[in-house]
There are 2 protein chains.
Amino acid sequence: MPSTATVQTEPPADLEAALVAALRRRGQRVTPQRLAVARLLAERREHVTAEDVYQRVAERLPGVSLPTVYATLDLLEELGLIRRLLTESGAVLYDPELTEHHHLVCAACGEITDIEAPLDDQHLRTAARRQGFTPDRSQVVVSGLCRACRQT
Amino acid sequence: MPSTATVQTEPPADLEAALVAALRRRGQRVTPQRLAVARLLAERREHVTAEDVYQRVAERLPGVSLPTVYATLDLLEELGLIRRLLTESGAVLYDPELTEHHHLVCAACGEITDIEAPLDDQHLRTAARRQGFTPDRSQVVVSGLCRACRQT
DNA sequence: CTGGATGCAAACTCTTTGCATGCAT
DNA sequence: ATGCATGCAAAGAGTTTGCATCCAG
């Protein structure tokens, strides 16, 4: 995923529309399943697992299958409309928030929260180039304790 | 950054000794399997998968089992002697390097390299505290293209 | 001795695949 | 009409668990 991702960021609310546009552009089908997945992600705007998506989409569209949900999530990620995250515990989450942000992970309960703050990664990017690497984007995970776990 | 991890950082070469000390302290057994795993990690000093460890340890200690390798890796991680990493593709790697460092991940081939550069995460940590979180450490993953993949 | 660690095999979870049917275009 | 997307079921990868045996302390 090249430079584009950071440049053409779309408002999350347009995720459904962006998907439809991308599908037409690519000559792929606009199906109820795909729309339902996109809508759900746009509404929730938080990290969800494939299983979450499946459960919730199934409420509105009985009969969707988990493989279809995975396929659609893959598609959305390929289109750069959502982002795939990995927790410390190895679980896969999908994040419909496209604006640059980072994550807090609680070492005790595993909860993941967005963190809104700029990152100064100049030194890292410079060092990366020095090592022959062409940096695209930086993702930070800050681990620690959430408020609830801190008190126990 | 709390305390322990940064303060009592041991040279990787002492990983075996550190394990033995920790085992005795906790009244756990010093077994050939555990020693072999520790020694291998100390020697390689790079990211390895559980399978890697299993294969290589088995060369010296025929009969080790994969579950034992996993158990030992979990133990080492719990003791803070190695670190668990997750790649974008979901694979789990174990990193015997304890000094603070970050990672470069090639978006094309998935290769992971260490990056040696300081991180200015002041803003992130402050923001984390403002959100009620007690930050411990920050881990950065810079994605981009490695030298080889860039040329294709 | 004695309980914790091991090896084996099987279970488990999450994700992907193959194939026949069906629907968007 | 055409063939891509779907649903189902089953396979697959990676990790964990249960249990009898064994060995470090």
Side-chain angles (χ1 to χ4, degrees), chain A residues 16 19-40 47-79 82-94 110, chain B residues 16 19-40 47-79 82 84-94 110 112:
Chain A
E16 203 178 329
L19 172 61
V20 172
L23 287 173
R24 295 214 195 287
R25 195 184 332 122
R26 295 162 48 131
Q28 287 182 289
R29 294 194 191 159
V30 179
T31 64
Q33 291 84 348
R34 286 172 169 172
L35 290 177
V37 169
R39 177 172 308 180
L40 183 102
H47 321 114
V48 288
T49 64
E51 192 63 32
D52 285 338
V53 175
Y54 172 57
Q55 298 286 349
R56 289 171 185 275
V57 167
E59 290 171 10
R60 302 179 192 173
L61 203 70
V64 269
S65 66
L66 199 44
T68 297
V69 168
Y70 274 105
T72 305
L73 290 170
D74 285 351
L75 176 65
L76 286 167
E77 200 212 356
E78 188 189 329
L79 293 172
I82 62 174
R83 195 167 291 176
R84 183 190 283 245
L85 297 180
L86 288 150
T87 70
E88 285 304 306
S89 58
V92 180
L93 297 179
Y94 295 87
Chain B
E16 203 177 328
L19 173 61
V20 172
L23 287 173
R24 294 215 195 288
R25 197 184 331 123
R26 296 163 45 131
Q28 288 182 287
R29 290 192 194 161
V30 179
T31 63
Q33 291 84 348
R34 286 173 169 172
L35 290 177
V37 169
R39 178 172 308 178
L40 183 101
H47 319 117
V48 289
T49 64
E51 191 63 32
D52 285 338
V53 176
Y54 173 57
Q55 299 285 348
R56 290 170 184 274
V57 167
E59 289 170 12
R60 303 180 191 172
L61 201 71
V64 268
S65 66
L66 198 44
T68 297
V69 169
Y70 274 106
T72 305
L73 291 171
D74 285 350
L75 176 65
L76 287 168
E77 201 213 352
E78 188 189 328
L79 293 171
I82 62 174
R84 182 190 283 245
L85 296 180
L86 287 149
T87 70
E88 285 302 306
S89 57
V92 180
L93 296 179
Y94 295 87
I112 299 187

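All chains are named by letter (A, B, ...) in the order of the sequence lines, taking the proteins before the strands, and each is independently numbered beginning at 1.
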Inset, instruction - Say whether, by atom type as modelled, one donor and one acceptor occur between the side chain of A:Asp74 and the main chain of A:Ala71 under 3.5 angstrom. - result: no
Legend entry - Rounded distance (Å) that lies between atom P of C:dC14 and atom CG of A:Leu86: 14 Å
Inset, instruction - Please report, rounded to the nearest Å, how far the C1' atom of D:dC8 is from the CD atom of A:Gln33. - result: 14 Å
Inset, instruction - Go through D:dA24, C:dT25, D:dT6 for me and flag the one nearest to the B:Pro32 side chain. - result: D:dA24
Legend entry - Spacing of B:Tyr54 atom OH relative to D:dG14 atom P, expressed in whole Å: 14 Å
Inset, instruction - Please confirm whether any donor atom in the side chain of A:Arg29 sits under 3.5 Å from an acceptor in the base of D:dG3, or the reverse. - result: yes
Inset, instruction - Indicate yes or no: at least one non-hydrogen side-chain atom of A:Leu23 is less than 4.5 angstrom from one of A:Leu75. - result: yes
Legend entry - Given C:dT6, D:dC8, C:dT15, the nucleotide with the shortest approach to the side chain of A:Pro67: D:dC8
Inset, instruction - Looking at every strand, decide which applies to A:Gly27 at a 4.0 Å heavy-atom threshold: base, sugar-phosphate, or nothing. - result: nothing
Legend entry - Residue pair B:Val92 / B:Leu86, side-chain heavy-atom distance below 4.5 Å: yes
Inset, instruction - Take the protein atom CZ of B:Arg84 and the nucleotide atom P of D:dT15, then report the distance between them rounded to whole Å. - result: 8 Å
Inset, instruction - Could you state the atom-to-atom distance from CG of B:Leu73 to P of C:dT6 in whole Å? - result: 12 Å
Inset, instruction - For A:Gln28, answer base if it contacts any base atom (sugar-phosphate contacts may also be present), sugar-phosphate if it contacts only those atoms, and nothing otherwise; contact means non-hydrogen atoms under 4.0 Å. - result: sugar-phosphate
Inset, instruction - Consider the side chain of A:Arg34, meaning its heavy atoms from C-beta on, and name the nucleotide among C:dT25, D:dT6, C:dT16 that approaches it most closely. - result: D:dT6
Inset, instruction - Indicate yes or no: at least one non-hydrogen side-chain atom of B:Arg84 is less than 4.5 angstrom from one of B:Tyr94. - result: yes
Inset, instruction - Check the distance between D:dT15's P and B:Leu75's CG and give it to me in whole angstrom. - result: 17 Å
Inset, instruction - Write down the distance between CG (B:Leu85) and C1' (D:dG14), rounded to a whole number of angstrom. - result: 17 Å
Inset, instruction - Classify the nucleic acid contact of A:Arg24 as base, sugar-phosphate or nothing, counting any heavy atom under 4.0 Å across all strands shown. - result: sugar-phosphate
Legend entry - For atom CG of A:Leu35 and atom P of D:dA5, their distance in whole Å: 13 Å
Legend entry - Contact list for residues 19-28 of chain B, test side-chain hydrogen bond (donor to acceptor under 3.5 Å, both in side chains), sequence neighbours left out: B:Arg26-B:Gln28, B:Arg26-B:Glu78
Inset, instruction - Could you say whether B:Val30 or B:Asp74 is positioned toward the 5' end of DNA chain D, judged by the nucleotide with the nearest heavy atom to each? - result: B:Asp74
Inset, instruction - Would you indicate which nucleotide in C:dA24, D:dT15, D:dT17 comes nearest to any side-chain atom of A:Thr31? - result: C:dA24
Legend entry - Out of D:dT16, C:dA5, C:dA24, whichever nucleotide has its closest atom nearest the side chain of B:Tyr70: D:dT16
